[in-house]
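In what follows, a single structure is set out as structure tokens and then discussed.
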Amino acid sequence: MPPKSKSGGSKDAGKGAGAADKSKLKPATSINVRHILCEKHGKKEEALAKLRAGAKFDDVAREMSEDKARQGGSLGWKTRGSLLADFEKVAYELEPSSTGNPKIGEVKTGEGYHIIMVEGRK
């Protein structure tokens, strides 16, 4: 089921996923986040290649993630302070997007390499 969106969605049209857009994000206290966790850099690069080729984020997560694979990488709603600091910093800077056209971020933590997308903010 697609995530509920409070915006019209058109504000993201034509924009890149660049850092210049993050200043336009409203502050959030929680995010609905998904990730793909890979222990090895090569596997993370393979997952990124699939995403760039148009594969859906949740399908790639089910196939390649080493965490939460059965849920399509969904971690659900997470509040500030409930995630690893490095992961949270990247996740809270991402614009919400859909699994079919994800805006992704990457970070390496003690758990491995994460590819992150955010479905909602509040």
Original post:
With a 4.0 Å cut-off, would you call R62 and D59 a salt bridge?
Top reply: yes
Original post:
Between R121 (side chain) and P96 (backbone), is there a donor-acceptor pair under 3.5 Å?
Top reply: no
**OP:** For L51 and I104, run side-chain contact (heavy atoms from CB on, under 4.5 Å): C-alpha distance rounded to whole Å, both residues' side-chain angles, the deciding distance at 0.1 Å, then the answer.
**Re:** CA-CA 9 Å; L51 291 170; I104 58 173; 4.3 Å; yes
Original post:
Should the pair H35 and F87 be assigned to parallel (<30°), tilted (30 to 60°) or perpendicular (>60°) ring geometry?
Top reply: perpendicular
Original post:
Is L25 close to E95 at the side-chain level, that is, under 4.5 Å between some pair of heavy atoms?
Top reply: yes
Subject >> Backbone of P27 reached by a side-chain donor or acceptor of Y92 within 3.5 Å >> reply: no
Original post:
Sub-3.5 Å donor-acceptor pair from the side chain of S82 to the main-chain atoms of T79, do we have one?
Top reply: yes
Original post:
To the nearest 0.5 Å, how far apart are CD in E63 and CG in D58?
Top reply: 12.0 Å
Original post:
Under a 4.0 Å N-O cut-off, is there an ion pair linking K43 with E39?
Top reply: no
Original post:
Any donor and acceptor pair, going by atom type alone, linking the side chain of S30 with main-chain N or O of K78 inside 3.5 Å?
Top reply: no
Subject >> Backbone of S98 reached by a side-chain donor or acceptor of E119 within 3.5 Å >> reply: no
Original post:
Can you find a pair of side-chain heavy atoms, one from Y113 and one from E45, that are under 4.5 Å apart?
Top reply: no
**OP:** Check the hydrophobic clustering (I, L, V, M, F, W, Y; side-chain heavy atoms under 4.5 Å; chains of links allowed) and say if V118 and L84 are grouped together.
**Re:** yes
Original post:
Taking it one step at a time, do L94 and I116 satisfy side-chain contact (heavy atoms from CB on, under 4.5 Å)?
Top reply: CA-CA 9 Å; L94 288 171; I116 308 166; 3.9 Å; yes
Subject >> Side-chain touch K44/I115, heavy atoms, less than 4.5 angstrom >> reply: yes
